Amino acid sequence: MTNQLLQEGVSALKQGDKARARACLLAALKQDERDERAWLWLSGAVERDEERIICLENVLTINPANERARQGLAWLRSRLTRPSAPQATPCPFCGAPIPPRETACPACGEDQIVSCPSCGGSVGVESPACPHCGQETGEAKAGVAAYYNALGDAYRERGKWGMALEAWQHALNGTPARPGLHRRIAAAHRALGQSAEAIASYKQALEEDPGDPEATLRLIEFYVAREEWERAEEIYQRIKKQKEPSSAMICGLGDLALRRNDFRGALKAYEEAAQGKDLDGAGRALVYARLGRLYDLQGEETKAVRAYRRAAALAPDSPAGRLASVQLADLRPSLSDKAVAGWAETLRGMSGPLLSCTLLVGIQAGFNLYRLTLAGMFGLALATAGIFCLVCATSTPRNEIFTLLLGRSGLEQPPWRWAVGGLGAALALAALLLILIFA
Amino acid sequence: MILPIGDGQRRYGGFPFVTVTIIVVNLLVFILEVLLPPDETDHLIAAFGLVPKLIYSAQGMGAISALTAMFLHGSIMHLVGNMWFLWIFGRKVEDLTGPFRFFLFYLLCGLCGGVLRLIFKPTDPFPSIGASGAIAGVMGAFLFLYPDERVRTLVWLGPIVLWPRLPVALLLVLWLLLQLVGAASTQIGGAVVDYWAHIGGFVAGLVFLYLFLGQEPLYYRHHKRRRSPELAFNEPLDLPVSKRQR
């Protein structure tokens with residue numbers, strides 16, 4: 001695998017695709033950081049001399065006898081000590097020239113070097129990926145906002161909300177409003193516990209896109225938390241007026257109804273949301289888990305079990321799916337071996353129907369032993385066999401007899417279960433007819 | 001007048017298919033009885049009702065009549081009264097037995113009611129009809145399963161109408177006492193109501209219900225629910241992601 005990545009990196013470098021080469025070589029080094037060749041090739045893929053020096057130093061740390069690295073390092077160091085002609089680069093934000101080695105634009109003051117969200121190393125705003133760890137940070141050339149958006153996303157994924165907020169605000173300052181940016185900023189404020197700022201940003205997000213479900217629902221959430229019912233109600237009414245509110249929105253309405261102790265309204269909303277086809281598995285699992293909990297609270301155990309089962313099946317690894325599994329195990333714990341394999345359970349299941357058959361035979365004979373017919377007795381024997389099969393197929397599939405005949409799982413396998421169950425039903429029916437007609 | 005009008009609180013299972021089916025079948029049979037000419041109806045009742053004298057003399061329909069009698073009724077009030085009690089008490093019993101076992105249990109209680117009549121009135125030449133024995137069994141089962149339950153009851157005492165939630169034990173024990181008194185009086189004189197069938201069915205319901213209980217309810221009734229982590233509605237959860245939103 002490492003070799004393959006190395007080969008890919010080398011061929012990319014030979015084709016002049018330095019970004020891809022860097023990514024491949026960094027990936028190879030991630031797998032084996034003592035790969036001397038990868039470090040050597042990486043020195044050719046990185047942009048700055050300082051980085052090249054680091055790469056070559058690493059090569060020499062691994063193999064002090066590497067002559068090529070030694071020569072390259074000596075050449076780079078001599079070049080760095082030589083005074084070079086100043087070469088200005090244009091600022092991606094304002095276009096003013098920035099002298100080399102400056103980290104901020106002298107005209108607009110924007111930072112030209114940011115810290116990598118993954119490893120914390122310095123990354124130039126023009127660089128699409130961190131030269132130290134390969135973390136993708138965006139492409140300034142394609143637009144400053146896109147770069148900062150990507151950078152903010154990378155920070156968010158690592159839970160660095162403060163840095164993400166800073167990056168997104170840069171994106172907001174540099175360009176006209178981009179869709180979803182206010183929502184991202186609001187999410188960062190929310191994560192940082194700055195509710196007033198979050199509300200303001202969500203409102204701005206709604207001004208940009210009045211149908212933004214997340215902004216709507218989060219606003220409701222904030223208003224509910226602050227007990228500003230009138231404002232929450234206002235948004236609620238706005239959603240209701242929408243022609244086709246998304247399932248997520250409907251689910252949010254359910255949350256709002258629930259927080260207002262309107263169980264019926266919440267149930268209705270969740271049921272509607274569960275029918276929506278625009279949710280992914282985890283979303284649907286969440287809706288079903290909530291439905292299950294509501295049913296459970298209302299004592300509708302069967303419905304609760306059904307909802308929990310669906311939630312657990314839709315997204316078993318999601319938090320809602322796992323929660324549903326726990327609730328399910330609580331509501332319907334699996335039956336003990338004694339209950340599915342024991343003779344006591346089989347006999348209990350058989351006793352009732354057999355008693356009914358015996359009474360029928362007794363009534364048929366007028367409770368007179370001398371009037372007991374052969375058909376009646378045969379009918380009882382047949383009923384016993386039939387009821388035994390039926391009880392084993394439906395209640396005690398791991399009965400000793402069937403585990404001996406069919407293996408450890410007994411009648412738990414569907415074909416055998418159906419066959420034995422069908423045979424039992426046929427025998428019991430035949431026995432009943434025999435008793436009622438011929439006995 | 002004292003009439004239960006609600007079966008209390010939560011039910012364990014889903015729709016009570018067998019309870020509803022039994023009610024529908026009884027209703028259909030009664031409609032048939034009404035549609036037939038009076039003579040034919042009498043013949044029908046004589047043929048399919050349970051007649052102790054015929055059973056002991058090995059005549060008539062035999063054991064079949066013990067089953068068919070459960071689906072015949074003498075009047076609209078007889079039918080409505082029985083079906084009302086079945087509806088009130090049957091659903092929660094069916095919940096815990098499951099539909100198939102409930103049907104067998106219902107038949108067994110009806111048979112036991114008939115058997116008690118056969119024992120105490122062996123020479124009775126009159127047909128006995130009605131689902132009372134089977135429904136009394138269901139009431140016995142209800143008492144066995146939910147002795148602490150309270151049921152909404154309509155109490156009508158002249159101008160006073162109340163609907164308190166009375167303990168089911170009080171209600172059903174009172175009902176049983178009335179049946180015993182009624183049965184004792186029928187031993188002295190004649191009666192239209194088959195009290196022995198009621199008592200037989202009720203006792204059968206109490207005694208035999210255990211044999212018909214479904215495994216899961218039987219197990220879960222003894223299984224104490226542990227405290228589970230609840231879905232905290234008052235805490236923000238991640239919103240479901242809409243596909244359109246991506």
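Since the structure is predicted, the reported quantities are computational estimates derived from the model, not experimental observations. Below, read A as the first sequence line, B as the second, and so on, with proteins coming before strands; counting in each chain starts at 1.
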Original post:
chain A heavy atoms under 4.5 Å from B/Phe105: which part of the residue, side chain, backbone, both or neither?
Top reply: neither
Subject >> Minimum heavy-atom distance between B/Ile55 and A/Ile363, given as atom pair plus value >> reply: CG2-O, 3.4 Å
Original post:
Looking only at heavy atoms, which of residues 132-141 of chain B get nearer than 4.5 Å to chain A?
Top reply: none
Subject >> Set of salt bridge (charged side-chain N to carboxylate O under 4.0 Å, His left out) partners for A/Arg156, sequence neighbours left out >> reply: A/Asp153
Original post:
Minimum heavy-atom separation for A/Arg371 to B/Ala58, with atom names?
Top reply: NH2-CB, 2.9 Å
Original post:
CE of A/Met350 to CG of B/Leu211: how many Å apart, nearest 0.5 Å?
Top reply: 12.0 Å
**OP:** Would you check if A/Phe367 and B/Val115 make a side-chain contact, meaning some heavy-atom pair closer than 4.5 Å?
**Re:** yes
**OP:** Report, as yes or no, whether the 6.0 Å neighbourhood of atom CZ on B/Phe126 holds more than 12 heavy atoms from other residues, nucleotides or ligands.
**Re:** no
Original post:
Contact part of B/Tyr56 toward chain A, heavy-atom cut-off under 4.5 Å: side chain, backbone, both or neither?
Top reply: both
Original post:
So B/Arg101 and A/Ser395, side-chain hydrogen bond (donor to acceptor under 3.5 Å, both in side chains) or not? Walk me through it.
Top reply: CA-CA 11 Å; B/Arg101 290 172 197 238; A/Ser395 305; 2.7 Å; yes
**OP:** Check the surroundings of atom CZ in A/Arg348: do more than 12 heavy atoms from other residues, nucleotides or ligands lie under 6.0 Å from it?
**Re:** yes
Subject >> Set of residues satisfying side chain to side chain donor-acceptor pair (under 3.5 Å) with respect to B/Asn26, sequence neighbours excluded >> reply: none
Original post:
Who wins among B/Leu104, B/Leu118, B/Leu108, B/Leu209 for the most heavy-atom pairs under 4.5 Å with chain A?
Top reply: B/Leu108
**OP:** Please state whether the side chain, the backbone, both or neither of A/Leu355 comes within less than 4.5 Å of a heavy atom of chain B.
**Re:** both
Original post:
Can you check side-chain contact (heavy atoms from CB on, under 4.5 Å) on B/Leu67 and A/Leu360, steps first, answer last?
Top reply: CA-CA 9 Å; B/Leu67 295 173; A/Leu360 284 176; 4.0 Å; yes
Original post:
Got a sec, which residues hit ring pair (Phe, Tyr, Trp, His ring centres under 6.0 Å) with B/Phe202, two or more places apart in sequence or on another chain?
Top reply: B/Trp175
**OP:** Mark yes when over 12 heavy atoms from residues, nucleotides or ligands other than B/Trp163 sit less than 6.0 Å from its CH2; otherwise mark no.
**Re:** no
